[in-house]
Amino acid sequence: MSGPLDRFARPCFEGSSGNDERRERKSDFENSEDQRRTRIGSLKKKAINASTKFKHSLKRKSSRRKSDVRVSSVSIEDVRDAEELQAVDAFRQTLILDELLPEKHDDYHMMLRLKLLELMRKVEQHASAVLTDKKYFQGSFENLEAIRSAGVKCPLLCKEFIIEAWQIYYARTKGTSIPSAIPTTTSVPNRPAGLVAAQMLQQSQPQPAFIQSVEESQVQVQHQPHLLQQQLQHQHSFTNQQQQQQQMLDHQQLTKQSEKKTMASENDTPRSGSTTTVTATNGGEAPPLPKHKIALITGITGQDGSYLTEFLLNKGYEVHGLIRRSSNFNTQRINHIYIDPHNAHKARMKLHYADLTDASSLRRWLDTILPDEVYNLAAQSHVAVSFEIPDYTADVVATGAVRLLEAVRSHISATGRSHIRYYQAGSSEMFGSTPPPQSESTPFHPRSPYAASKCAAHWYTVNYREAYGLYACNGILFNHESPRRGENFVTRKITRAVGRIKIGLQSKLFLGNLQASRDWGFAGDYVEAMWMMLQQEKPDDYVVATEESHTVEEFLEVAFGYVGLNWKDHVVIDKRYFRPAEVDNLKGDSSKARKVLGWKPRVGFEQLVKMMVDEDVELAKREKVLVDAGYMDAQQQP
Ligand SMILES: C[C@H]1O[C@H](OP(=O)(O)OP(=O)(O)OC[C@H]2O[C@@H](n3cnc4c(=O)[nH]c(N)nc43)[C@H](O)[C@@H]2O)[C@@H](O)[C@@H](O)C1=O
């Protein structure tokens, strides 16, 4: 089905339906919204003024401190900041009087931190901790809420893994006095905790028996800046973060076990590839790396890259990912498995800058990493966008594949490492207008620059296999989705909107052709098939699909219906999302993969849609917390 060409009249970013809607809704809310912004703006200004005055006052005073030990209080304009400023000021005076404050540490933020630590210690003597972490401590935020609303007045500490700012606000809405105790991946922001801690010191009640005493807990704050950088862009729900933490812990444990195992059997199991030694940064010699397999993945930061990395790490692989430089970090999907490379003997995933458009970088990393398996997943993978940037799409998707194949070929010829195996990510888009069911023998008829480029990559791979005897496979993957799917693909665009509509952050969703039909599977299942292809005796090409096809409209029915909404009340057809040439119907025949590889999908269509909706409802709840706390605009998506 072809769409009108006037979509090129102005650029239109998918996933930005909130923005379209914002334009529409602005007039309704203009006045109240503008007033609210002005109010918040003026409060912020006041707070900044008060802080600046306080800081200047400290500086002025510090130059006089030897002769005039008593420091006068600051003038405070903002009522909201008064308690904090006074508390910090008084605390500073005490330190100066006790001669405990070296001049170089005499600044406001240092004071605030010290004050917070002091408050935390006091709080721990009088407060009770409520376990809210579900997975490890079988707690819940509902417990916290129930305890507070049952009239318990003592300060309550929310015992939780603190990863992102929204959790602090969320904990407060549930009645906590201060988030506490298990911030494994980020430090607790000073300001909210400081204010809350000050308030709670005024309250003290005996501790109910059913709440765990805080003395039993260990407070450990580790600061990992690489995770903090991603705070607001994080794509996964709270539940998912807990799963990720479990995976990380599992991975660390697995790594330890596999290290022990491989070290023990090092002599009798020679590694198929190279050995690399790493020098530890703690002064000692790191143990030689175990003889495990090494994988190199292009496109590691994408949906498939992140699932494949988890899968391979769980199989004991060392995984190297090639990433493109960009001005913003885009590693959200793999942050949970990232271990600082300075922990050389623990870090089993490593990232390197390279680009499929830069042949020299590909060859250099092959020579350095010496991988056993290479997975080429990188692409400009958006079909509609490929009509806008066809040249770039061809460069990355088609020529990028031949650059990498050629790098592998020349690396083998230079090193003799002929056991190396190559996986090429193909796409059902290559079948285009050929009617379903589509199998390995179905002729390609691509309908977009993206699909034509994928066809070229497919044939380059076949050619390197036939011409040079390279172990190279094409995985012809039908659509595969997950909560990590990019927000401009139709499935995630829908489930994001369902979450936000359900929570009241959005009311409309702008879409294109609802009659297109796709064979949608779960990305987590599909990465297993990639790996299986490279474990066979001989290289070959395989279709990977669920063998069920559903229209976009059916996806809408399930997604909206699952949360009790009717999609027809919210979806608006926007011709800008139609494509110049559409692929109407894709439905795979994956019998070869099922028979030869023993692969089959585990997650069905409805389960997939519900999984994505569940995650996105949670994500929307987090956004709502930030919106309610004035931390984010209602229409803005982090
Ligand atoms: C296998 C293949 O899978 C993906 O390509 P795709 O099938 O084009 O995925 P999509 O989610 O962008 O579109 C699916 C269908 O949904 C229709 N549709 C309607 N309304 C909107 C809409 O508003 N946005 C989008 N994106 N699509 C819409 C659209 O016209 C199309 O018919 C990529 O992973 C690709 O890399 C790949 O290899």
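For ligands, and for the atoms within them, numbers begin at 1 and follow the listed sequence.
When non-hydrogen atoms are compared, ligand 1 lies under 4.0 Å from the side chain of Arg485 (C-beta onward) but not from its backbone. Both the backbone and the side chain of Val490 come within contact range of ligand 1, each with a heavy atom under 4.0 Å. Under 4.0 angstrom from ligand 1, there are no non-hydrogen atoms of Leu586.
Atoms of ligand 1 found under 4.0 Å from any heavy atom of Glu582 (numbered from 1 in listed order, with element): 29 (C), 30 (O), 31 (C), 32 (O). Atoms of ligand 1 found under 4.0 Å from any heavy atom of Val383 (numbered from 1 in listed order, with element): 5 (O), 8 (O). Interface of Ser381 with ligand 1, defined as ligand atoms under 4.0 Å from a residue heavy atom, comprises 33 (C), 35 (C), 36 (O). Heavy-atom contacts of Arg579 reach the following atoms of ligand 1: 6 (P), 8 (O), 10 (P), 12 (O), 13 (O), 25 (C), 26 (N), 27 (N), 29 (C), 30 (O), 31 (C) (cutoff under 4.0 Å). The distance from ligand 1 to the heavy atoms of Gly512 drops below 4.0 Å at these ligand atoms: 19 (C), 20 (N), 21 (C), 23 (O). Short contacts between ligand 1 and Ala516, defined as distances under 4.0 Å to a heavy atom of the residue, involve ligand atoms 32 (O). Within ligand 1, counting atoms from 1 as listed, the ones closer than 4.0 Å to a heavy atom of Glu429 are 2 (C), 7 (O). Which parts of ligand 1 touch Asn488 is read off a 4.0 Å heavy-atom cut-off, strictly below it: atoms 26 (N).
Geometrically, Arg492 does not engage Phe489 in a cation-pi contact, judged by NZ or CZ lying under 6.0 Å from the ring centre and within 45° of the ring axis.
Taking distance alone, with nitrogen or oxygen atoms compared against 3.5 Å, Lys493 approaches ligand 1 more closely than that limit. Here's the thing with Tyr577: none of its N/O atoms is less than 3.5 angstrom from an N/O atom of ligand 1. Geometrically, ligand 1 and Ser428 share no nitrogen or oxygen pair separated by less than 3.5 Å. When only interatomic distances are considered, the shortest N/O to N/O separation between Phe489 and ligand 1 does not fall below 3.5 Å. Looking at Arg518 next to ligand 1, an N or O pair under 3.5 Å apart turns up.
Within 6.0 Å of atom CZ in Arg324, 12 or fewer heavy atoms from other residues, nucleotides or ligands are found, so the atom counts as exposed in its surroundings.
A donor and an acceptor atom, one from each side chain of Gln535 and Glu373, are located under 3.5 Å apart. For the residue pair Thr495/Asp616, the side-chain donor-acceptor check at 3.5 Å is satisfied. Between the side chains of Ser549 and Ser517, at least one donor N or O lies within less than 3.5 Å of an accepting N or O. For the residue pair Ser410 and Arg363, a side-chain donor N or O sits within less than 3.5 Å of a side-chain acceptor on the partner.
Salt-bridge check for Arg485 with Glu615: failed, with every basic side-chain N at 4.0 Å or more from each acidic carboxylate O.
A donor-acceptor contact shorter than 3.5 Å links the side chain of Glu440 to the backbone of Val543. In terms of modelled atom types and a separation under 3.5 Å, the side chain of Thr298 and the main chain of Ala378 share a donor-acceptor contact. With Lys293 contributing its side chain and Glu318 its backbone, the two residues share no donor-acceptor pair below 3.5 Å.
At least one side-chain heavy atom of Arg518 sits under 4.5 Å from a side-chain heavy atom of Val583. No side-chain heavy atom of Glu547 sits less than 4.5 Å from a side-chain heavy atom of Phe478.
Scanning all heavy atoms of the two residues, the minimum distance from Asp519 to Gly588 falls at OD2-N, 2.9 Å.
Contact analysis puts Tyr450 in contact with ligand 1, with a non-hydrogen atom separation below 4.0 angstrom. A heavy-atom separation below 4.0 Å is not found between Ala384 and ligand 1. Within the 4.0 Å heavy-atom shell around ligand 1 one does not find Lys454. In this structure, Gln380 has no heavy atom closer than 4.0 Å to ligand 1.
Selection from Val552, Asp574, Leu477, Asn513 by nearest heavy atom to atom 19 (C) of ligand 1 gives Asn513.
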